[in-house]
Amino acid sequence: MSSCVSRREDGLEGLVHNSELTGSPGEDPQHGIEVGSALRVKILDVDLERRRITLSQRQAATKV
């Protein structure tokens, strides 16, 4: 199981679970994502106590 972690300078961490990454079926969800990549994501949840954000690349790509 893979996922992407985003870490800001202030220590706040964001997680994009592999199920929330875009990509073609059967393709590695992290294909084309490298350290330093910029991703458009949607904030799904904020946990202030743990200083973590749950993010989704898939939902950010969906038009509302």
Side-chain angles (χ1 to χ4, degrees):
M1 187 181 307
S2 45
S3 57
C4 291
V5 175
S6 169
R7 194 168 291 118
R8 293 174 24 135
E9 289 180 19
D10 62 3
L12 193 62
E13 292 184 352
L15 176 72
V16 183
H17 187 269
N18 66 333
S19 65
E20 293 296 336
L21 292 169
T22 59
S24 302
E27 180 181 55
D28 178 2
Q30 289 187 348
H31 178 74
I33 299 175
E34 299 175 11
V35 173
S37 293
L39 301 176
R40 181 175 298 249
V41 295
K42 178 179 179 180
I43 298 172
L44 301 180
D45 185 52
V46 177
D47 183 339
L48 294 175
E49 187 174 304
R50 294 174 58 196
R51 298 186 49 81
R52 292 188 180 173
I53 306 171
T54 303
L55 305 168
S56 172
Q57 183 186 32
R58 182 174 306 282
Q59 291 185 41
T62 305
K63 293 187 177 186
V64 179

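If you take CD on E20 and CZ on R58, they are separated by 7.0 Å, rounding to the nearest 0.5 Å. Between atom OG of residue S56 and atom CG of residue L21 there is a gap of 8.0 Å, rounded to the nearest 0.5 Å.
Connection of L39 to L55 is established within a shared hydrophobic cluster, with ILVMFWY side chains joined at heavy-atom distances below 4.5 Å, either directly or through further cluster members.
R52 is linked by a salt bridge (charged side-chain N to carboxylate O under 4.0 Å, His left out) to E13, counting only residues two or more places apart in sequence or in another chain. Residues passing the side chain to side chain contact (heavy atoms under 4.5 Å, CB included) test with V35: none are found, sequence neighbours excluded. By the side chain to side chain contact (heavy atoms under 4.5 Å, CB included) test, L12 is found to be paired with R8, D10, R51, I53, residues two or more places apart in sequence or in another chain being considered. A search for side chain to side chain contact (heavy atoms under 4.5 Å, CB included) contacts involving D45 returns T54, not counting sequence neighbours.
In the hydrophobic clustering, V5 connects to L15, either directly or through intervening members, whenever side-chain heavy atoms lie under 4.5 Å apart.
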